[in-house]
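Since this is a predicted model, take the numbers as computed values, not measurements. Index from 1, following the sequence. Counting starts at 1 for both ligands and their atoms, in listed order.
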Amino acid sequence: MSKVEVLIQRLDAELPMPSYAHPGDAGADLYAAEDVELLPGERAVVPTGVAIALPDGYAAFVHPRSGLAARHGVTLVNAPGTVDAGYRGEIKVTLINTDAKEPFRLRRGDRVAQLVVQRVERAAFYEVERLPGSVRGGNGFGSTGR
Ligand SMILES: O=c1ccn([C@H]2C[C@H](O)[C@@H](COP(=O)(O)OP(=O)(O)OP(=O)(O)O)O2)c(=O)[nH]1
Ligand SMILES: [Mg+2]
């Protein structure tokens, strides 16, 4: 399988490189660079200690980890976060604790989210007076029922 080359700058040399847990995984785990404690309903922007350079025509998407979501109600406010090919800053994770009762504690070095690298198209936007017809038309937002 051919692999896309992504350059990584470790801003925090003590943290591991982002890494795939298994062959075939789509998401590479990102590590928290700081301890975080989130009260119920609280959110925080968590640094990951890495910056990347993607080739043109690619983007990386910061996805939640299903284990944190299922066990603790912890997810990302902006899931999935978009990392643009031209972004050279630190990748950060917008963590939120949706649990009604339990605080959530994350330690520096814990896996906090996962990064999915994907090819993306750039669109050329053409303004028109009227769009071509379609079967769905303007129906949405539950139009097909529950
Ligand atoms: O979960 C995320 C989402 C974004 N970013 C970084 C990479 C991305 O390239 C940049 C801008 O993200 P976005 O375009 O989603 O945010 P914005 O609010 O539109 O900011 P800007 O005006 O800088 O584009 O922030 C992250 O580190 N983590
Ligand atoms: Mg933007």
Side-chain angles (χ1 to χ4, degrees), residues 1-132 134 136 138-143:
M1 196 183 91
S2 75
K3 288 181 180 165
V4 51
E5 278 182 22
V6 176
L7 305 180
I8 301 235
Q9 182 182 21
R10 258 196 282 185
L11 307 170
D12 183 328
E14 287 171 8
L15 292 180
M17 288 276 282
S19 61
Y20 296 102
H22 305 104
D25 282 1
D29 290 319
L30 296 171
Y31 297 83
E34 287 174 1
D35 293 343
V36 192
E37 179 152 3
L38 296 177
L39 297 174
E42 203 178 9
R43 63 179 193 263
V45 177
V46 182
T48 63
V50 289
I52 66 174
L54 293 156
D56 257 2
Y58 286 82
F61 299 94
V62 184
H63 286 264
R65 297 187 66 211
S66 63
L68 295 182
R71 287 190 207 113
H72 304 287
V74 168
T75 186
L76 309 183
V77 179
N78 63 333
T82 304
V83 180
D84 300 287
Y87 179 70
R88 297 290 180 270
E90 183 170 15
I91 297 178
K92 293 180 182 168
V93 172
T94 59
L95 214 60
I96 183 162
N97 179 5
T98 68
D99 196 275
K101 294 188 195 130
E102 295 297 323
F104 174 73
R105 175 173 285 185
L106 193 77
R107 295 271 183 216
R108 171 179 154 79
D110 287 348
R111 291 171 298 158
V112 63
Q114 53 186 327
L115 196 69
V116 178
V117 175
Q118 288 184 284
R119 280 201 82 97
V120 289
E121 302 290 341
R122 287 268 298 183
F125 296 108
Y126 296 102
E127 187 176 8
V128 293
E129 286 292 322
R130 187 184 293 250
L131 295 172
S134 73
R136 178 178 279 274
N139 296 323
F141 305 96
S143 67

Taking all non-hydrogen atoms of both residues into account, name the closest pair between Asn97 and Phe104 and its distance.
ND2-N, 3.5 Å
What's the shortest distance from atom 2 (C) of ligand 1 to any protein heavy atom, and which residue and atom give it?
Lys92 O, 3.5 Å
Got a protein heavy atom sitting under 4.0 Å from atom 9 (O) of ligand 1?
yes
Protein heavy-atom partner closest to atom 14 (O) of ligand 1 - residue, atom, separation in Å
Asp84 OD2, 4.0 Å
Are more than 12 heavy atoms from other residues, nucleotides or ligands located less than 6.0 Å from atom CG of Asn78?
yes
Residue Arg88 excluded, over 12 heavy atoms near CZ under 6.0 Å
yes
Measure from atom 16 (O) of ligand 1 to the protein's non-hydrogen atoms and state whether any distance is below 4.0 Å.
no
Heavy atoms from other residues, nucleotides or ligands near CZ of Arg10 exceed 12 (cutoff 6.0 Å)
yes
4.0 Å protein heavy-atom contact status of atom 27 (O) of ligand 1, strictly under
yes
Judged by non-hydrogen atoms, does Ile91 sit under 4.0 Å from ligand 1?
yes
Starting from atom 1 (O) of ligand 1, locate the nearest protein heavy atom and write down its residue, its atom name and how far away it is, to 0.1 Å.
Asn78 ND2, 3.1 Å
Ignoring hydrogens and angles, tell me if any N or O in the side chain of Thr48 forms a donor-acceptor pair with the backbone of Ile91 under 3.5 Å.
yes
Quick one: which ligand 1 atoms are inside 4.0 Å of a heavy atom on Thr82?
3 (C), 4 (C), 5 (N), 7 (C), 8 (C), 9 (O), 12 (O)
Is a donor from one side chain sitting under 3.5 angstrom from an acceptor on the other, for Tyr31 and Arg111?
no
Taking every non-hydrogen atom, the tightest pair across Leu76 and Val62:
CD1-O, 3.4 Å
For atom 24 (O) of ligand 1, state whether the nearest protein heavy atom is under 4.0 Å away.
no
I need the atoms of ligand 1 closer than 4.0 Å to a non-hydrogen atom of Glu90, numbered in the order shown.
27 (O)
